[in-house]
Amino acid sequence: MFALITSGVLALSFVLAAVLKYKFIAKKKSLLGRHVLVTGGSSGIGKCIALEAAKIGANVTIVARNESRLLSALEEIKGQCLNNDQKFKYLSVDLAGDYSMVKTTLNIAINEMGPLYLFINCAGMAICGTLEEVSTNDIMKMINTNLISTIQATKAIVDEMKQNGFGSIVITSSLASFCGIYGLSVYSATKFALRGFAEALSMETKSFGVKVTLALPPDTDTPGYANESKDKPIETLLISATAKLFTPEEVGRKILQDTLNGCFFSTVGLEGHMMTISCAGMAPYTSYLELICQVFCGGILRLITVYYQYLFDKIIEKCKLEREHKKI
Ligand SMILES: NC(=O)c1ccc[n+]([C@@H]2O[C@H](COP(=O)([O-])OP(=O)(O)OC[C@H]3O[C@@H](n4cnc5c(N)ncnc54)[C@H](OP(=O)(O)O)[C@@H]3O)[C@@H](O)[C@H]2O)c1
Ligand SMILES: *[C@@H]1O[C@H](CO)[C@@H](O)[C@H](O)[C@H]1NC(C)=O
Ligand SMILES: *[C@@H]1O[C@H](CO)[C@@H](O)[C@H](O)[C@H]1NC(C)=O
Ligand SMILES: *[C@@H]1O[C@H](CO)[C@@H](O)[C@H](O)[C@H]1NC(C)=O
């Protein structure tokens, strides 16, 4: 028991060291004159990444479908610019639609705004419910928005980035790509898939000088989150209530910072850091400290994840009993 507690404390201090490293060592990088393109940049986390990029001098393009939301987000982003030479543009396209439209649209962005320095995939959505409750239409919507959009958009720009020999691609997944959650089966499936996509893409682009970052946001207070929470099963609500709800500003800022620092995993919060350490698998390693944590804390963190699973199972069991009780 004593050994267990000692190693637990040791594991946590490593995690804390990792968190502190990000807080204090990370230097504020400049994006002066660089082109940053954000898909899903009209709302939530994507909009906050675009705002942060504008603050440090980037020329920013945002891509989404709804023009009126794009227009008002772009006004907000322009308002955060560092100087008057920065350029801003929005483009409307359905990234899950016809590939030639996606390709044409992203080419326009590159031609007008310059070679891509950061390409940030942030378009995505969740529809909650147990598998039998989710319609086949909603299943296709999630697969198309989360997976197909990201794959099509990235395919459209990757060749040019490899030829340029620089740049970073961000794939926005979720902590649900480490951990399947009740009421989010199809969503988790699309986010697990994005992790595989990011790992393979990273291997394909590394020797060309193009980096890949897998963003793993925790629950974040965005318009998308508010919408998906409307039909969350009580189990899903109670499970997510065991972790903190983050603001899109802090999540967006952290994704941009980790991307500029060349990290493969980007997350915020204690749970997020614990999960990137315990679920490292064969992910590319991008920092020695992170590798040391993974090697020395993996075992004890596995025990902590089992404790969380026990808590989640208890929640689900309790809800099931309450449902049965109501029926009688
Ligand atoms: N919020 C969270 O708690 C949370 C947690 C983990 C991961 N994430 C992930 O983080 C990303 C951003 O989430 P968010 O909560 O900030 O979402 P959000 O507020 O709903 O914003 C989603 C953005 O994606 C765009 N979009 C959706 N479908 C598109 C399509 N087919 N083509 C082009 N653009 C499209 C939307 O604009 P239009 O509708 O106008 O196209 C909007 O700009 C998503 O990938 C999400 O899965 C979020
Ligand atoms: C990007 O912004 C800078 C100013 O920050 C500007 O001088 C440059 O021309 C812009 N690049 C492109 C391709 O428009
Ligand atoms: C676009 O967004 C605005 C503001 O949220 C909304 O009123 C409008 O109905 C949307 N348009 C479409 C075509 O979805
Ligand atoms: C909001 O949720 C509904 C149903 O859960 C879904 O059909 C719709 O696409 C969602 N809207 C957005 C903008 O995510």
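Computed from a predicted structure; not experimentally measured. Counting starts at 1 for both ligands and their atoms, in listed order.
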Problem - Lys254/Glu250 salt bridge by N-O under 4.0 Å criterion - result: no

Problem - Salt bridge flag under 4.0 Å for residues Glu199 and Arg195 - result: yes

Practice task
Give the residue, atom name and distance (to 0.1 Å) of the protein heavy atom nearest atom 20 (O) of ligand 1.
Solution key: Gly224 CA, 3.1 Å

Handout entry: Proximal ligand 4 atoms for Met125, defined as those under 4.0 Å from one of its heavy atoms
Key = 9 (O), 14 (O)

Handout entry: Proximity of Ala215 to ligand 1 by residue part, where a heavy atom lies under 4.0 Å
Key = neither

Practice task
Only heavy atoms count here, so choose which of Pro248, Ala126, Ala96, Cys122 is nearest to atom 12 (C) of ligand 1.
Solution key: Cys122

Handout entry: Protein residue, atom and distance nearest to atom 14 (O) of ligand 2, heavy-atom basis
Key = Lys87 NZ, 3.1 Å

Fill in the blank from the handout: Check: of Asn59, Val60, Asn84, min heavy-atom distance to atom 1 (C) of ligand 2 comes from Asn59

Completion exercise
re atom 7 (O) of ligand 2, the protein heavy-atom contact at minimum distance is Asp85 CB, 4.5 Å

Exercise for the section: Under 4.0 Å from a heavy atom of Val93: give me the atoms of ligand 1 that qualify, with their elements. Expected result: 32 (N), 33 (C)

Exercise for the section: Output yes when the distance from some N or O of ligand 1 to some N or O of Asn66 is under 3.5 Å, and no in every other case. Expected result: yes

Exercise for the section: Could you list the atoms of ligand 1 found under 4.0 angstrom from a heavy atom of Asp94? Expected result: 30 (C), 31 (N), 32 (N)

Fill in the blank from the handout: closest protein heavy atom to atom 4 (C) of ligand 4 is Asp231 OD1, 4.2 Å

Problem - Close N or O approach (Pro217, ligand 1; < 3.5 Å) - result: no

Exercise for the section: May I ask you to identify, for Ile45, whether its side chain, its backbone, both or neither come under 4.0 Å of ligand 1 on a heavy-atom basis? Expected result: both

Problem - Selected option - heavy-atom contact closest to atom 3 (C) of ligand 4, from Asn227, Thr145, Ile127 - result: Asn227

Practice task
Measure from atom 5 (C) of ligand 1 to every heavy atom in Pro218, Ser149, Ser43 and give the option owning the shortest one.
Solution key: Pro218

Problem - Residue part near ligand 4, for Lys141, under 4.0 Å between non-hydrogen atoms - result: side chain

Practice task
Decide if atom NZ of Lys211 counts as having more than 12 heavy atoms of other residues, nucleotides or ligands within a radius under 6.0 Å.
Solution key: no

Completion exercise
Quick note on ligand 1: atoms under 4.0 Å from a heavy atom of Ala123 include exactly 24 (O), 26 (N), 34 (N), 35 (C), 45 (O)

Practice task
Kindly identify the option in Lys141, Glu67, Lys191 whose heavy atom sits closest to atom 46 (C) of ligand 1.
Solution key: Lys191

Fill in the blank from the handout: Met113 heavy atoms within 4.0 Å reach ligand 2 at atoms 12 (C), 13 (C)

Problem - Short side-chain donor-acceptor distance under 3.5 Å, Asn121 and Thr154 - result: yes

Practice task
Find all atoms of ligand 2 within a distance of less than 4.0 Å from any non-hydrogen atom belonging to Gly114, and give their numbers and elements.
Solution key: 13 (C)

Exercise for the section: Check whether any N or O atom of Asp138, backbone or side chain, sits under 3.5 Å from an N or O atom of ligand 4, and answer yes or no. Expected result: no

Exercise for the section: Would you mind telling me if ligand 1 is within reach of the side chain of Asn227, the backbone, both or neither, using heavy atoms under 4.0 Å? Expected result: neither

Exercise for the section: Using side-chain contact (heavy atoms from CB on, under 4.5 Å) as the criterion, list what pairs up with Ser149, not counting sequence neighbours. Expected result: Leu95, Ala96

Problem - Those atoms of ligand 2 less than 4.0 Å from some heavy atom in Gly33 - result: 1 (C), 2 (O), 3 (C), 5 (O)

Exercise for the section: Using a strict cut-off of 4.0 Å, indicate which atoms of ligand 1 neighbour a heavy atom of Tyr187. Expected result: 6 (C), 7 (C), 8 (N), 47 (O)

Practice task
Could you establish whether Lys230 and ligand 4 come within less than 4.0 Å of each other, counting only heavy atoms on the residue side?
Solution key: no

Problem - Numbered atoms of ligand 1 (with element) below 4.0 Å of Arg69, judged on heavy atoms - result: 38 (P), 39 (O), 40 (O)

Exercise for the section: Salt-bridge test for Glu317 and Lys320: reply yes if a basic N is under 4.0 Å from a carboxylate O, no otherwise. Expected result: no

Handout entry: Per-residue contact class, Leu95 against ligand 1 - non-hydrogen pairs under 4.0 Å
Key = both

Handout entry: Glu228/Lys232 salt bridge by N-O under 4.0 Å criterion
Key = yes

Handout entry: Winner among Gly124, Gly44, Ser68, Gly46 once heavy atoms are compared against atom 22 (C) of ligand 1
Key = Gly124

Practice task
Give yes or no for whether the N/O distance cutoff of 3.5 Å, strictly under, is met between Ser42 and ligand 1.
Solution key: yes

Handout entry: Pairwise salt bridge (Lys or Arg N to Asp or Glu O under 4.0 Å) hits with a residue in residues 85-109, at least two apart
Key = Lys89-Glu112

Handout entry: Geometric N/O contact Ser174 with ligand 1, under 3.5 angstrom
Key = no

Fill in the blank from the handout: Any heavy atom of Ser173 under 4.0 Å from ligand 1? The part involved is backbone

